[in-house]
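Written below as structure tokens is the structure these notes are about.
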Amino acid sequence: MLEIQNLSKTFNKSTVNEKKVFKGFSLDVKKGDFITIIGSNGAGKSSLLNIISGSIKEDQGYLKLNDKTINKLPEYKRTKHISRVFQDPSLGTSPSMTILENLSMAYNKGKKFGLTMGVSKKNKEYFIKILSKLSLGLEGQLNTKVGLLSGGQRQALSLIMATMSNPELLLLDEHTAALDPKTSKIIVDLTKSIVKEKKITTLMVTHNLNQAINVGNRILMFHQGEIVIDIKGKEKKSLNIDKLMDYFEKIQSKDLLSDRLLFQ
Amino acid sequence: MVDFWISILEQGLIFGVMVLGVYITYKILDFPDLSVDGSFPLGAAITAQSLSLGINPFIALFLSFLVGMVSGAITGFLHVKYKITNLLSGILVMIGLYSVNLRIMGKANMPLFNKTTIFSNNIKPIFIIVIITFIMKLLLDLFLKTKFGFLVKATGDNPKLVTSLGINIGITKIAALMISNGLVALSGSMMAQYQRFSDVGMGRGIIVMGLASIIFGQSIFKGTSFILPTTMALFGSLLYKTSTAFALKLGFPPTDLKLITSVIVIIALAINNKKFSFKGKKLFNIGGGRRVRNSESV
């Protein structure tokens with residue numbers, strides 16, 4: 001479904017700060033996969049999502065979505081197939097507009113944004129139905145400005161808005177990292193149920209190992225721009241943190257110690 | 001005295017159309033567009049030339065709006081296509097328009113005393129001004145409730161969201177700048193017809209006037225959610241005109257007006273920001289750290 005071949009990316013090329021993130025990176029994502037991605041800082045997780053979504057341009061390599069090369073498509077055209085939720089809850093919504101207005105915009109994604117009325121009454125019930133499933137109390141606040149909501153409420157809304165138009169690919173960039181553990185769990189559960197219900201192919205970057213193990217059908221560990229661990233299917237189901245750490249130790253690397261400390 | 005108030009109302013509402021335009025860029029789009037200092041006299045210049053060619057004054061209004069839109073499109077294009085910062089794009093267009101306006105009129109000012117204007121009939125000017133201004137305000141309110149209007153609001157708020165909806169933010173920015181400058185040029189056209197002359201320097205300080213009105217309007221109606229921001233902008237414009245009219249009544253010469261305007265804006269901004277900085281300091285103290293001057297002991 002998503003094919004990445006021979007991807008290369010270097011930041012600050014030919015300066016002292018040169019940083020090679022990817023060198024000949026390849027990844028094949030099957031339709032319906034829910035992949036969790038872990039790895040230390042600077043391993044290239046977020047860069048990969050940025051390259052797929054088009055907000056960073058790759059140096060070399062092919063990106064294919066459903067057998068169509070998307071390398072040359074600008075970011076705003078890729079978003080027709082790819083949706084994204086960011087770490088910062090304020091990036092997924094428009095804070096000075098109401099919940100109803102935000103949802104109406106998301107509902108209209110892929111259609112024409114013309115000079116017809118932005119909010120249509122017949123969608124209101126549909127929105128209320130979706131929001132009441134969250135049990136965050138948002139269904140009664142349709143006319144509240146999103147800027148007044150809490151981070152968790154906003155992130156839930158971002159997630160709903162990102163998936164409302166049934167995207168083919170969903171990119172989650174540490175979307176629970178800015179939330180407290182309880183809210184983080186609510187958002188992860190919501191993510192699971194939405195992805196399952198709409199059968200969206202998903203890539204989720206996370207720093208939470210438990211999350212990475214319990215969610216999805218495939219787990220990738222990145223290290224210095226390479227996939228060092230790739231576990232899927234049955235093996236993934238029987239995975240636990242100790243096993244994952246064993247794998248990691250086998251692969252061995254210089255900064256293993258710091259990574260081990262980081263994860264525990 | 002009645003005449004005094006009516007003339008404030010007339011001028012305030014004519015400038016109000018310009019304030020609506022500035023409101024779009026400054027408040028909604030978060031794009032400080034300085035080119036309005038050029039597009040206001042642009043509207044006046046187009047009007048002066050059209051009227052002297054015998055074109056219907058209402059069509060002249062429309063023409064000014066269109067040409068204003070073109071000027072807004074150029075500012076937007078410079079910013080979106082060539083990545084010139086928003087301030088500089090506005091300044092470049094503003095400077096360029098000065099020469100363009102001189103070219104359109106052929107001289108620095110053009111009297112329109114014996115030309116047919118929108119006010120050359122038996123209806124009192126105030127009614128015509130009220131009708132045009134309110135039509136513009138209602139159209140703008142309606143526009144901001146449409147799907148495209150939502151996108152314009154979201155572009156100022158969170159451009160990433162607009163991109164994620166599959167829309168090129170360059171397009172929404174240019175469109176908003178076009179509407180804004182169209183309104184400003186329309187206001188310039190009304191002003192030229194109202195005072196019956198067009199002057200190449202009549203746009204100087206228009207942006208500050210627009211900002212002053214918006215800040216006025218918002219500080220007066222602070223905390224009220226049922227009044228539309230466009231209404232606030234119009235009231236702000238009236239208040240601004242009232243305050244300058246009283247300054248003139250107090251005996252200041254008209255040449256002092258620009259200084260008075262800028263002092264008014266400084267006072268309004270200072271009062272607003274003082275509250276903000278007070279809040280900020282409090283938050284800072286909760287955080288535990290505070291800067292200590294050399295002379296202070298911890």
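No experiment lies behind these values; they were computed from the predicted model shown. Just so it is clear: chains get the letters A, B, ... in the order the sequence lines come, proteins before strands, and each one is counted from 1.
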Practice prompt. For the pair A:Lys9 and A:Gln60, evaluate side-chain hydrogen bond (donor to acceptor under 3.5 Å, both in side chains) and give the outcome as yes or no after the intermediate values.
Written response: CA-CA 7 Å; A:Lys9 174 73 194 173; A:Gln60 261 177 13; over 6 Å; no
Discussion item. Suppose a student defines contact as a heavy atom less than 4.5 Å from any heavy atom of chain B. Which residues in residues 106-117 of chain A would they list?
Written reply: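 When heavy atoms of chain B are the reference, residues 106-117 of chain A contributes A:Ala106, A:Asn108, A:Lys109, A:Gly110, A:Lys112, A:Phe113, A:Gly114, A:Leu115, A:Thr116, A:Met117 within the under-4.5 Å range.
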Nearest heavy-atom pair of [X] and [Y]: which atoms, and what distance?
X        : Y        : value
B:Val93  : B:Ser71  : CG1-O, 4.2 Å
A:Gly92  : B:Leu161 : O-CD1, 3.3 Å
B:Met136 : B:Leu20  : C-CD1, 4.4 Å

Worksheet entry | Inter-residue atom distance A:Glu174.CD - A:Ser184.OG, 0.5 Å rounding |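 Output value for this atom pair is 11.5 Å.
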Discussion item. Counting only heavy atoms not in A:Lys199 (residues, nucleotides, ligands), do more than 12 fall under 6.0 Å from its NZ?
Written reply: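 No, not enclosed.
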Item to complete: Using non-hydrogen atoms and a 4.5 Å limit, figure out which bit of A:Ser158 sits close to chain B: side chain, backbone, both or neither.
Response: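 The answer is neither part of A:Ser158.
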Worksheet entry | Proximity breakdown for A:Thr93 and chain B, heavy-atom pairs closer than 4.5 Å |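 Contact with chain B: backbone only.
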Worksheet item: So, B:Phe15 versus B:Phe40, ring centres under 6.0 angstrom or not?
Response: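 Yes - the distance between ring centres of B:Phe15 and B:Phe40 falls below the 6.0 Å cut-off.
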Discussion item. If you count heavy-atom pairs within less than 4.5 Å of chain B, which of A:Glu75, A:Met161, A:Glu101 leads?
Written reply: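 Top count of heavy-atom pairs under 4.5 Å with chain B: A:Glu101.
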